[in-house]
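I have placed the structure first, in the form of structure tokens, so that the comments after it can refer back to it.
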Amino acid sequence: MATSTHCPYCALQCGMRLTPGNDGAGAVSVTPREFPTNRGGLCHKGWTSAAVLSTPDRLLRPLVRDADGSLVKTTWDEAYTRIVRGVKRARARSGPDGVAVFGGGGLTNEKAYTLGKFARVGLGTAMTDYNGRFCMSSAAAAGGRTLGLDRGMPFPLGDLDGADAVMLVGSNPAETMPPFVQHLRSARERGGLIVIDPRRTPSAALTGDGAGVHLQPLPGTDITVLMGLLHLVIVGGGADERYLADRVTGWDAVKRSAMMWWPEAVERETGIPVAELRCAAKILMKSAPVVGGHGAYVLTGRGAEQHAHGTDTVSAALNLALALGLPGRVGSGYGCLTGQGNGQGGREHGQKCDQLPGYRKITDPAARAHIAEVWGVEESDIPGPGLPAVQLLDALGTPEGASMLFVHGANPVVSGPRSGRIAERFAALDTLVVTDFVLSETAAMADVVLPSLQWAEEEGTMTNLEGRVLRRRRAVPAPDAADGPRDELRIWHELAELLDAPAGFATDPADAFDELARASAGGIADYSGLSHAALDAWELADDEGGTGAFWPAVRDAMTRPDPRTVGTPRLFLDRFATPDGRARMIDVRSAGVADDLRPDAPLYLLTGRLLQHYQSGAQTRRVAELNGIEPEAFVQIHPLTAARLGIGEGDDVEVRTRSGAAVGVARLSNDIRRDCVFMPFHFAGRGAANLATNPALDPVSSMPEFKVCAAAVARFDEQDAPTGDDDAAHGEHAARAGQAVRA
């Protein structure tokens with residue numbers, strides 16, 4: 001029987017059906033279904049998503065590291081015993097904060113909520129954060145301070161369908177979430193697609209043949225580009241002055257700053273020709289509601305946000321959108337394209353180091369009292385804020401940091417910035433516990449590995465890039481064995497009991513969601529009107545499996561009979577979520593990259609995603625069909641730059657920065673600027689791009705500057721390769737991870 005559920009990858013959460021083989025244990029077939037985000041389409045990853053369910057190296061038993069350094073199969077009781085001993089040692093050495101937790105944006109809402117609770121009252125530690133810090137933190141920070149809350153897209157994705165213009169700032173959905181592209185059709189047909197990106201990505205290529213304009217700036221100059229566009233809007237009479245007077249504060253200061261950036265100054269700083277900048281501004285102005293246009297949208301992605309000034313970049317994008325009068329109007333707006341499958345829900349309910357469920361601040365006394373009551377603990381039992389991800393990971397194994405770490409749903413030794421340093425810190429831990437369903441590069445370093453269920457084997461909910469809460473449904477049975485994989489809810493429940501935690505932990509996903517709903521009640525991200533039973537009941541009338549419900553979905557408001565009207569699809573129509581209901585423009589300044597070009601590093605290293613792979617590649621590199629197309633790391637380089645450096649197509653190329661070095665195969669392309677090279681970040685080993693990325697942090701969001709740093713690029717000769725500290729750390733990681741898993 002087919003089960004309606006959603007893709008396990010990106011935040012588009014495409015609707016699909018899974019049908020097991022006739023014997024219930026054979027191959028699982030995937031078919032797309034009609035759903036508002038994908039409308040019956042799937043990308044290559046979605047079509048092949050079921051292949052990971054039967055990957056030959058699926059983890060089926062707990063593993064522990066023996067005296068010889070090998071991971072060996074064991075029982076759950078022995079694994080738990082090792083973990084409890086490790087917790088006691090860490091607490092004895094450093095107190096509760098001697099234990100740390102690192103979560104992931106792919107966990108269901110139930111798991112994200114429970115992991116935050118487990119960290120704070122199961123382990124008693126403040127030291128918890130998650131890989132969403134590497135994804136959405138800058139957009140979240142900017143949205144919070146300007147709009148009063150962060151919901152990636154505060155409108156349904158389908159609203160883009162009628163727009164005259166859509167501007168993508170540092171986003172490449174044609175590769176990262178291909179079904180999204182159909183929502184750009186209207187803007188393209190009207191010549192209104194604007195893409196800001198240093199590379200001519202597949203998304204940028206969609207602007208060709210009169211469909212729009214591609215602005216290809218110097219890396220790290222997005223703020224200048226956005227302020228230049230705002231300048232042209234102002235002098236062109238395109239600002240919606242009535243909207244600004246009625247709904248916005250801070251306009252005067254922002255307007256003064258923007259007036260400094262006339263087009264010729266922007267061209268000098270960014271390399272974008274004046275004519276192209278004027279063309280983009282004209283498209284936006286004629287599409288805005290103030291002049292009777294059909295609407296315009298400004299959308300940001302990781303290319304704009306993963307910078308040491310990423311929060312200010314998003315603020316500059318928000319300033320432009322507000323000046324045009326877009327947010328809070330049907331048919332126009334600002335949004336951020338969330339990357340991870342549950343990147344939105346994961347940060348709403350307690351995985352971030354400074355937040356409690358419902359998007360509450362952990363320092364707010366009222367929030368702490370509310371959560372303490374739901375959890376049945378004293379307010380004093382809840383720790384205060386901990387360290388953001390980069391600082392948390394960098395302190396591991398040091399006298400000031402935790403000596404034990406739990407990792408759930410993440411692979412930071414591939415996905416974290418300056419990943420050689422992360423591997424070094426993991427190797428210094430007394431105890432590393434990793435829960436996963438495959439032996440990822442991080443799991444291969446662990447002292448204890450706990451096998452978990454996969455997405456098609458579990459029940460739960462996800463929150464997609466629109467803030468739409470969706471049902472994930474079990475489609476296939478979990479492996480049946482006494483010491484086989486377990487659901488994380490059960491794992492945390494059992495560990496909490498062994499650790500004498502002061503709170504109880506639900507093992508049933510529906511019960512965990514009901515508790516989450518109570519905890520979120522009254523918060524910014526209010527799920528109190530939702531439940532598994534309600535979502536399932538509403539969806540019974542829909543043969544296609546339902547469309548979920550948007551938060552906030554307040555219990556007292558859940559009286560409308562039509563399930564398709566439940567929740568809040570469009571935010572800010574009447575007021576913004578600030579105390580006075582007005583959006584706050586932030587007066588930002590242009591800033592360069594943290595690690596800029598110099599004589600010994602004359603090229604910019606850019607990083608990003610590929611169509612065939614997802615995040616660290618731990619899943620997609622195990623799918624033969626995907627890995628066969630993109631099997632290894634590569635370095636995209638302009639032919640003229642390659643010729644100057646003596647590099648030919650297919651040569652091994654080393655990209656070396658202050659953080660470390662990565663190696664990939666040269667791909668010559670005119671789609672990249674001559675002062676840049678590009679590497680995808682999905683690969684491990686010497687091809688791990690994040691060995692070389694810059695860990696410099698945004699001062700507001702603590703987002704690392706993944707997207708750009710200065711690099712030296714040369715043909716790579718294995719025999720002549722230098723060995724630095726980070727290369728040695730990576731070698732130690734590889735040696736430890738390479739130990740055989742023995743029966």
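Residue numbers count from 1 along this sequence. Because only heavy atoms are used, hydrogens play no part in the values below, and waters and symmetry mates are left out as well, while side chains stay in.
Separation of atoms CD (Glu110) and CG (Asn342) is listed at 8.5 Å; rounding is to 0.5 Å.
Residues in residues 38-52 take part in these salt bridge (charged side-chain N to carboxylate O under 4.0 Å, His left out) pairs, two or more places apart or across chains: Arg39-Asp161.
Comment: Arg686 engages Asp652 in a salt bridge, judged by a side-chain N to carboxylate O separation of less than 4.0 angstrom. Under the 4.0 Å criterion applied to side-chain N and carboxylate O atoms, Arg472 and Glu458 are assigned as salt-bridge partners.
A side-chain hydrogen bond (donor to acceptor under 3.5 Å, both in side chains) with Thr620 is found for exactly one of Gln612, His613, His682, Glu630, namely His613.
No donor-acceptor pair closer than 3.5 Å links the side chain of Arg486 to the backbone N or O of Ile491. Although no hydrogens or angles enter the test, the distance criterion places a donor-acceptor pair under 3.5 Å between the side chain of Lys707 and the main chain of Thr607. Between the side chain of Glu649 and the backbone N or O of Leu668, at least one donor-acceptor pair lies under 3.5 Å.
Side-chain atoms of Arg468 and Gln13 include no donor-acceptor pair closer than 3.5 Å. Side-chain atoms of Ser415 and Gln615 include no donor-acceptor pair closer than 3.5 Å. Using a 3.5 Å distance cut-off with no hydrogens or angles, the side chains of Asn172 and Ser203 do pair a donor with an acceptor.
Residues passing the side-chain contact (heavy atoms from CB on, under 4.5 Å) test with Tyr113, sequence neighbours excluded: Lys117, His349, Pro357, Val374, Trp375, Glu515, Leu516, Ala519. The side-chain contact (heavy atoms from CB on, under 4.5 Å) check on Ala205 picks up Arg200, with sequence neighbours excluded.
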